[in-house]
Amino acid sequence: MEIFGVDIGGSGIKGAPVDLNRGDLAQERHKVLTPQPATPDGVAGCVVEVVRHFDWDGPVGVTFPGVVTGGVTRSAANMDKAWVGVDTAALLSSKLDGRAVTVLNDADAAGVAEMAYGAGRGVDGTVILLTLGTGIGSALFTDGRLVPNTELGHLELKGHDAETRASVRAKEDGDLTWERWAHRVGKYLAHVEMLFSPDLFIIGGGVSRKPEKFLPLIEGVRARIVPAELQNNAGIVGAAMAARSAAE
């Protein structure tokens, strides 16, 4: 079974049909740059471009980097503030000629995919997926059940939003070495561990393609830490899974 998934990020918007029997992309994904400013109309136009690239005419699942409840975006830390309060599912559906559109938090989507097909498959207890990228997204699971919209990237760390110190953007903006950045990530994981005592951390986002660069350098964390197996495609897969569930 194939369903289309789109992953909206602070720097790029990517999507592809997903083979949900395998939990993998059915075709090579198509990506466009996130417009700046990342307004609702601008981003919606990019989502339409990605979907039409494949001539897709079925249901579409879409992730958003912020809190999403009932298809409405409630926060937009790394997007234009005009997103707050927008019925994003309805907006995208109208731009896509009335197709059914399901919208959910981007890290929640990645987490759902990893729990079904990737590093969290078959893992009980408390699992936390963290997507390290423009910001830090989070997905919290207890015995496989998602606690949605946790937004743990906005926990306070040394008097700052954690994502301003431990995201990939923070590494790039500060020109940090892998060692210095891993030290910050370790401090952040230790803080999250103190609050939730997870059995497993899954590290997602584009940086999951380079786990050897930083995971061996992280210290002071008791929980097991592994890279996301679906890497940066997890959000697309999770979006497609959400669209399938909504259609059932």
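No more than 12 heavy atoms of other residues, nucleotides or ligands shown are found within 6.0 angstrom of CZ on Arg145. Around the CG atom of Leu195, the shell of radius 6.0 Å holds more than 12 heavy atoms that belong to other residues, nucleotides or ligands. Residue Glu28 qualifies as open at atom CD: its count of foreign heavy atoms under 6.0 Å is 12 or below.
In this structure a side-chain-to-backbone donor-acceptor pair under 3.5 Å is present from Thr34 to Gly9. A distance-only check finds no donor-acceptor pair linking the side chain of Thr131 to the backbone of Ile136 [under 3.5 Å]. The backbone N or O of Ala119 sits less than 3.5 Å from a side-chain atom of Glu114, completing a donor-acceptor pair. Checked by atom type and distance alone, the side chain of Asp19 never pairs as donor or acceptor with a backbone atom of Glu2 at under 3.5 Å. Asp161 contributes no side-chain N or O that, together with a main-chain N or O of Glu163, makes up a donor-acceptor pair within less than 3.5 Å. Listed for the Ser138 side chain is a donor-acceptor partner under 3.5 Å among the backbone atoms of Glu151. Asp199 places a side-chain N or O within 3.5 Å of a backbone atom of Thr126 that can act as its donor or acceptor partner.
Residues Trp181 and Leu217 form no side-chain contact, since every pair of their non-hydrogen atoms from C-beta on lies 4.5 Å or further apart. Looking only at side-chain heavy atoms (C-beta outward), Ile13 and Val47 come within less than 4.5 Å of each other. Side-chain contact between Asp41 and Lys95: present, with at least one pair of heavy atoms (C-beta onward) separated by less than 4.5 Å. Between Phe64 and Val43 the shortest side-chain heavy-atom distance does not fall below 4.5 Å. Residues Pro227 and Leu215 are in side-chain contact: their nearest non-hydrogen atoms beyond the backbone lie under 4.5 Å apart. By the 4.5 Å heavy-atom criterion applied to side chains, Leu130 and Leu189 are counted as neighbours. In this structure, the side chains of Arg29 and Asn232 come closer than 4.5 Å at one or more pairs of heavy atoms. No side-chain heavy atom of Pro65 sits less than 4.5 Å from a side-chain heavy atom of Thr134.
A single hydrophobic cluster is not seen to contain both Val67 and Val86; linkage of ILVMFWY side chains at heavy-atom distances under 4.5 Å, directly or through other members, places them apart. Tracing side-chain contacts under 4.5 Å through hydrophobic residues (I, L, V, M, F, W, Y), one never reaches Leu104 starting from Ile8; they form parts of separate clusters. Hydrophobic clustering keeps Trp83 apart from Val72 (ILVMFWY residues linked when any side-chain heavy atoms are closer than 4.5 Å, directly or through intermediates). By the rule that hydrophobic residues join a cluster once side-chain heavy atoms approach within less than 4.5 Å of another member, Trp178 and Leu176 end up as members of one cluster. Both Phe196 and Ile218 sit in one connected hydrophobic cluster of ILVMFWY residues. Membership requires side-chain heavy atoms under 4.5 Å apart, directly or through other members.
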Exercise. Evaluate the criterion side-chain contact (heavy atoms from CB on, under 4.5 Å) for residue pair Val62 and Thr88; output intermediate values, then yes/no.
Key: CA-CA 9 Å; Val62 180; Thr88 301; 5.8 Å; no
Self-check item: From CA spacing to verdict: side-chain contact (heavy atoms from CB on, under 4.5 Å), Tyr188, Leu152
Solution: CA-CA 10 Å; Tyr188 170 62; Leu152 301 181; 3.7 Å; yes
Quiz item: For Leu91 and Asp87, what are the C-alpha separation, side-chain angles and deciding distance, and is it a side-chain contact (heavy atoms from CB on, under 4.5 Å)?
Solution: CA-CA 6 Å; Leu91 170 65; Asp87 187 336; over 6 Å; no
Exercise. Apply side-chain contact (heavy atoms from CB on, under 4.5 Å) to the pair Leu92 and Val60, showing each step before the final yes or no.
Key: CA-CA 9 Å; Leu92 295 176; Val60 177; over 6 Å; no
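Closest non-hydrogen pair, Lys31 versus Gly12, comes out as CE-CA, 3.8 Å. Of all non-hydrogen atoms in Gly137 and Ala107, the two that sit nearest each other are C-CB, 3.5 Å. Between Ala109 and Gly235, the closest heavy-atom pair is CB-O, 3.8 Å. Of all the heavy atoms in His154 and Ala77, the pair that sits closest is CE1-CB, 3.5 Å. In plain terms, the two heavy atoms of Glu156 and Gly159 that are nearest each other are OE2-CA, 3.6 Å. Considering all non-hydrogen atoms of both residues, Pro211 and Pro216 come closest at O-CD, 3.4 Å.
For the atom pair Asn105 CG and Thr73 OG1, the distance stands at 11.5 Å (nearest 0.5 Å). Atoms NZ and NZ, from Lys187 and Lys158 in turn, are 6.0 Å apart once rounded to the nearest 0.5 Å. Separation of atoms OG1 (Thr39) and CD (Gln36) is listed at 9.5 Å; rounding is to 0.5 Å. Atom OG of Ser75 sits about 8.0 Å away from atom NZ of Lys81, to the nearest 0.5 Å.
Each salt bridge (Lys or Arg N to Asp or Glu O under 4.0 Å) pair with one or both residues in residues 50-74, not counting sequence neighbours, appears once here: Arg52-Asp97. The ring-ring contact (aromatic ring centres under 6.0 Å, His included) analysis of residues 2-47, with sequence neighbours excluded, yields the pairs Phe4-Phe54, Phe4-Trp56, His30-His53.
Checked against side chain to side chain donor-acceptor pair (under 3.5 Å), Lys14 has the following partners two or more places apart in sequence or in another chain: Asp7. For Thr164, there are no side chain to side chain donor-acceptor pair (under 3.5 Å) partners two or more places apart in sequence or in a different chain. The side chain to side chain donor-acceptor pair (under 3.5 Å) search around Arg165 returns none, not counting sequence neighbours.
Leu25 shares a hydrophobic cluster with Met1, Ile3, Val18, Leu20, Val112, Met115, Tyr117, Val123, Val127, Leu129, Phe141, Leu146, Leu200, Ile202, Val226, Leu230, Ile236, Val237, Met241; the chain of contacts runs through ILVMFWY side chains whose heavy atoms sit under 4.5 Å apart.
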